[in-house]
Amino acid sequence: MGLKRPDLETKISNLLSPLVVAGAGGALVLIALVPQLAALIREQLQANLSPTAAAVAASAIGVGATVFLVGQLPVFLIWFERKVAAHIQDRLGPMRVGWHGVLQSFADGIKLVFKEDIIVNGADRFLFKLAPFLVLMGAFSAFAVLPWHTGLVVSDLNIGLLYVVAITSLGSIGLLMAGWASNNKYALYGGMRSAAQMVSYEIPTAIVILSVVVQVGSLNLQDVISAQLGGFGNFANWHIFRLYGLNVIGFVLFFICGLAETNRSPFDIPEAESELVAGFHTEYSGIRFGLFFLAEYGAMFFVAGLTVVLYLGGWSGPFFEGPLVFFIKTLALVFVQMWLRWTLPRLRVDQLMALCWKYVIPFAFLVLLVAALASAGAS
Amino acid sequence: MSLDAAAVQQRIEAKFPGKITSAELEVTDPFLVIDNAAIVEVGTFLRDEPELAFDMLHCHSAVDYLELKEPEKARIEVVLHLTSLKHRHWIVLKVMLPRDNPKTPTLENIWPTANWHEREAYDLFGIEFEGHSDLRRIFLPEDWAGHPLRKDWEWPDEWHGIAVKPDEKFSQRAMEGENIGVGPFD
Amino acid sequence: MSSQTQYKDLEPDEAYAFKPEDLEPDEMILNMGPQHPSTHGVLRIELKTDGEIVKDAQPHIGYLHRNFEKHAENIDYQGVIPFTDRMDYVGSMNNSLTYAVAVEKLMEIEVNERVQSIRVITSELQRIASHLLALGTYGMDIGAFTPFLHSFREREKILDLFEWLCGARLLYNYNWIGGLSHDLPNQWTDRAKIFLDQFEPVIDELDNLLSYNKIFTKRTADVGIIPPERAVGYALTGPNLRGSGIKWDIRKEDPYCGYEKYEFDVPVGQGRYGPIGSCWDRYYVRVEEMRQSVRITRQAIEQMPAEGDVRETVPKRVKPKPGEAYGRTEAPRGELGFYVVSDGGLIPYRVKGRSPCFVAMSIFREIAKGEMIADMIAIIGSLDIVLGEIDR
Amino acid sequence: MKEYFADLFAAVTSIAKGMGITLAHLFTKNETQQYLSEENPGARWQSVIVPEGLLQDRSRMRLHVKIEDCIGCKQCEKVCPVDCIDITTEKREKTDAPIFAADGTAVKQKVVQFDIDMSLCCYCSLCVYPCPTECIVMTPEYEFAETVKSEFLYRFAKETPAPPEPPKKETSDPVAAGGS
């Protein structure tokens, strides 16, 4: 009995998968070379255009590049998560589409785009359509202040951290909107849960961020990183090793809050599939559902990236530094997020709140207090 | 101290004389037939008497005896299998009901598990349990016609437009060249 | 009373136990199921909720009703066995065993020792397989996906052994009245031993991965508490009863298939992480039972007579004399019983299946009140119901 | 207060333990097998516990009838609990040349119709045991999905009764096709 699969499919995926692997490798090289490229482009622009036009063009290129990168990231992360999950569970995971299924996410993406766009009867059509974009906006605009290297940031805001806290809350409005507009009780529960969860976890997030701000003395993410440069092996100055080891607690707390903010397991109660079917996106299908998915993985990457910036020295590293170091560190944290998801059960909604108010917030205040005392002592 | 069926019979006889209408002690599973009117008292006694302590009603069944040859013996039996976790003994009780309009008092206040079992018997046999808190059909749709485990139950023609009777021999239809699709909508 | 053949038309909301007009201002009716990821089949639960709190819960069953008992009244005794397999489709071996035990009791057939040993081995392996499914899906209900696939990995090995033994992976038709369909193949016991050896560490791993996990214990240890007296009143059996701390096991109390020959403990709920009779206790009783099943299987393999015809006592024609018998065994989900009535003919006059899940589900309403929506899933999972058996 | 920290400690240790287990599994061998891959071309499950080649020995996945051996005794039809077998026989003329089944039983009935409705079959294998000539067998072939239900009517009889065109179901020998 021979292979029954259509041969054409196999041929196409065999043809495409080296391209994709090569593309991924090329992207990594490109990420490594981004500072040089950026400098080159900036030089060219300044030579050929008026200063204002050059600045506008530079930020336009920056925005374009970031959006492109951030748009591609979830596709890779989804494949990565499926592979991690599969191997943790002694499975193989996607294997069919391309080499070890690397094209699976593309295939799924194409499927989602072509699927029928269903809006249920009784839904609030405007809000129903708006919600996924809002969620996506919340997740992706945060990347604007994420520094990849010195001067390599879309918008070098002075109040970068404040902006991050503000813009990531946009997502919860989107989720609540999706839950409400779906005209479905399960979706409503999901929306309500996500609102409650995000509002609660904003507080410890802000406090932990504050503790770092107190140590650095600036809200600018570039300043946060430059405060961590130098030291033994170029990593001894990372925040995680400072403040008498208390920053380790801060790091863990921030990581937990990040999980909660992005609705990742064990805090995935808004979309708890065994309780609420699919939570807020129960009624979504096709590309609107795909946007939620993109937003989730984009947010995952952003939260991991922010953790790296705040505690793990951003793009600085012991042997070499640059965007690639930042990328690898962030991916490692994303892997930990996935690893946790495939290990832990889900918390119940009241336990989630108890964890926030009884465990996370007191410890966050402790870290903030010590950080404040220490920086007061230093100055 | 485990008791056998005869000892249980004795104790019930002593407390409620004449309420055991008949008893069969020489068969595989010995059983006592209890008077329908007295089943609640006997049940309560069996559960509460420390020496008997039948605290678990582990099976509750009904059997329809149509008895076409001897119509006077036609009956519906409610069969109760009782177990005592304390004394590790068990007993079978039976209640005989008429086939027309069978009615018996509910036992759910003695053994709460009887609630669903009685709903099942009501659903499939049409036995009415007097005083039951929630006597609705449990398996079949609320508007189903008849009680299918009755021996004289007849297939209804259809239920809300769904054919209920067994399909005509599928192979006959297929043989006549009909393309029968998979699933209900083909 | 003659049977009607006409149905009456229902009002649309007659299928609801709770009426919208009776609701308090903050309350809402939530239909969980019949299509829901974690109702383990087609169970529908109507919840009256106040936010996340469940005020009342009314289960509706019957979506999988096939009226197995009516089927059984129309086929010969042997033909009923494939239908019993389909009652509790994750514990088929025990179902057919119970039916066989009941009919053998009716016909007064004594099977030989080899048949008994093989029945013990297969039913204990089936118990492990069934508990693995129960524990795995329970983990998934609580939100941990990985234990589910780990336990399915092990279950698959048992199914492989069964396929090698009788050719089917799920619905075996293996226990016949008076015997078995096949004898053990060569090397089967060796391979079963290999499986048992590598399976024992897996239970410990499952413990560390799921059972003792803090989130898992938090989710399950204070939830769905069944006090012992309620458990007995509702006639719960099996792990659900033992989870409430009552030592009651048909294998000990009313031994069949020579269970009295084997040494094993009956694990009961200890209330280790919370009140006794909680979901965690019921869950952990199952974990412990798998260990005991491994023990029993080992002993049964050791003590099995090498010789013996497994079809020695299979009757040519199953035609019991008029009478009735109630056969019961300890199935993975509790006491499974078949009440078989014979009128002396070739087909059973009445077969009643006493299903443990049906009984377990009847207590649901009582223990669900006042818990949260997420706990509904935890409770359903801990009762370990199989809808094929509830609805029959 | 003590309880608070004990809880915290238990949470951290139990989570760490669980993560250790999952991390270890990340690097262990996979248990699943690729259906129809280069490594597993036969679409057969390679069991880790059952010796190679023995798993399918008794597998009952699809019914097959060696119609040449059928003597038309209808035992299988009677025993089937779901009535999925349909047999019609005609008495053979005394003058016809005698035919014998593989085991030497004289074939006295001409089987004009032997239909098995595989969509009804419950795979209980009860029809296999009473067959005196062992002509109805279960085969380990399991891939026989169809899109039209009538394709599941397997017609084994060589000569079918008159009515129109029979469905074009090739009752090819599944043993030869899938037994590999």
Side-chain angles (χ1 to χ4, degrees), chain B residues 24 27-29 31 47 55-65 77 79 81 83 85-86 88 90 92 99-102 110-117 119-120 123-124 126 134 136-160 164, chain C residues 1-10 14-15 17 58-67 69-70 73 105-106 108 229-237 241 246-248 253-254 323-326 328 335 337-339 341 343 349-350 352-354 358-359 361-363 365-366 390-392:
Chain B
E24 198 73 63
V27 292
T28 330
D29 292 338
F31 62 83
R47 186 194 63 178
D55 42 9
M56 185 188 267
L57 169 70
H58 70 243
C59 186
H60 176 294
S61 352
V63 190
D64 178 22
Y65 290 93
E77 285 180 3
V79 186
H81 290 80
T83 304
L85 300 194
K86 194 171 152 205
R88 270 103 172 109
W90 68 306
V92 184
R99 284 196 84 247
D100 300 327
N101 201 8
I110 309 174
W111 300 284
T113 184
N115 187 325
W116 275 32
H117 282 294
R119 279 178 68 188
E120 185 189 338
D123 191 356
L124 303 177
D134 185 24
R136 290 178 297 130
R137 284 186 182 272
I138 190 162
F139 289 140
L140 300 173
E142 280 80 356
D143 54 353
W144 190 260
H147 304 285
L149 276 183
R150 292 276 189 115
K151 291 281 177 182
D152 57 354
W153 181 75
E154 288 156 23
W155 288 94
D157 299 326
E158 50 102 31
W159 182 77
H160 291 286
V164 172
Chain C
M1 191 171 75
S2 67
S3 304
Q4 302 165 269
T5 50
Q6 276 306 308
Y7 59 88
K8 61 181 193 315
D9 272 319
L10 278 181
E14 234 175 287
Q58 176 74 53
H60 295 263
I61 62 173
Y63 290 88
L64 206 59
H65 183 58
R66 286 119 24 202
N67 215 334
E69 292 158 16
K70 191 79 181 171
E73 286 172 18
K105 191 174 169 189
L106 191 62
E108 290 160 6
E229 66 281 358
R230 296 311 281 168
V232 175
Y234 271 97
L236 299 189
T237 43
L241 179 67
I246 293 172
K247 213 167 187 163
W248 176 263
E253 308 303 335
D254 186 9
E324 54 186 58
Y326 180 78
R328 56 178 178 173
E335 176 193 321
F338 279 100
Y339 174 61
V341 181
D343 59 351
Y349 189 75
R350 169 98 166 96
K352 153 90 186 182
R354 185 265 188 220
F358 178 78
V359 174
M361 203 59 218
S362 67
I363 201 175
R365 186 175 188 178
E366 193 172 308
I390 291 185
D391 291 347
R392 297 196 293 281

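Just so it is clear: chains get the letters A, B, ... in the order the sequence lines come, proteins before strands, and each one is counted from 1.
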Contacting region of [X] [heavy-atom separation from chain C under 4.5 Å]:
{"X": "B:Leu124", "value": "side chain"}
{"X": "B:Asp55", "value": "both"}
{"X": "B:His117", "value": "both"}
{"X": "B:Asp134", "value": "side chain"}

Atom NZ of residue position C:Lys70 - does it have more than 12 heavy atoms of other residues, nucleotides or ligands inside 6.0 Å?
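More than 12 heavy atoms, drawn from other residues, nucleotides or ligands, come within 6.0 Å of this atom.
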
Is a donor on one side and an acceptor on the other found under 3.5 Å between the side chain of [X] and the backbone of [Y]?
{"X": "B:Arg137", "Y": "B:Asp123", "answer": "yes"}
{"X": "C:Arg350", "Y": "B:Ala62", "answer": "yes"}
{"X": "B:His81", "Y": "B:Val92", "answer": "no"}

Against chain B, label [X] side chain, backbone, both or neither, depending on which of its atoms sit under 4.5 Å from a heavy atom there.
{"X": "C:Glu69", "value": "both"}
{"X": "C:Val341", "value": "side chain"}
{"X": "C:Ile246", "value": "side chain"}
{"X": "C:Glu335", "value": "side chain"}
{"X": "C:Tyr326", "value": "both"}
{"X": "C:Leu241", "value": "side chain"}
{"X": "C:Glu73", "value": "side chain"}
{"X": "C:Asp391", "value": "both"}

Holding to ring-ring contact (aromatic ring centres under 6.0 Å, His included), I want the full list of residues that pass it with B:Trp116, two or more places apart in sequence or in another chain.
C:Phe358

Could you work out, with ring-ring contact (aromatic ring centres under 6.0 Å, His included) as the rule, every residue matching B:Tyr65, not counting sequence neighbours?
C:Tyr349

Note: vs chain C, highest number of non-hydrogen pairs under 4.5 angstrom among B:Val63, B:Leu85, B:Ile138, B:Thr83 is B:Leu85

Specify which of B:His60, B:Arg47, B:Glu120 makes the most heavy-atom pairs with chain C at under 4.5 Å.
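Of B:His60, B:Arg47, B:Glu120, B:Glu120 has the most heavy-atom pairs under 4.5 Å with chain C.
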
Pair B:Trp90 and B:His58, ring centroids less than 6.0 Å apart
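So the answer is yes for these two rings.
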
What orientation do C:His65 and B:Phe139 show, parallel under 30°, tilted 30 to 60°, or perpendicular over 60°?
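Answer is parallel, since the angle falls under 30°.
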
Which atom of C:Val359 lies closest to which atom of C:Leu236, heavy atoms considered:
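Heavy atoms of C:Val359 and C:Leu236 come nearest at O-CD2, 3.9 Å.
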
B:Met56 side chain reached by B:Thr113 side chain, heavy atoms, under 4.5 Å:
no

Who among C:Arg230, C:Met361, C:Glu108, C:Glu229 has the most heavy-atom pairs with chain B under 4.5 Å?
C:Met361

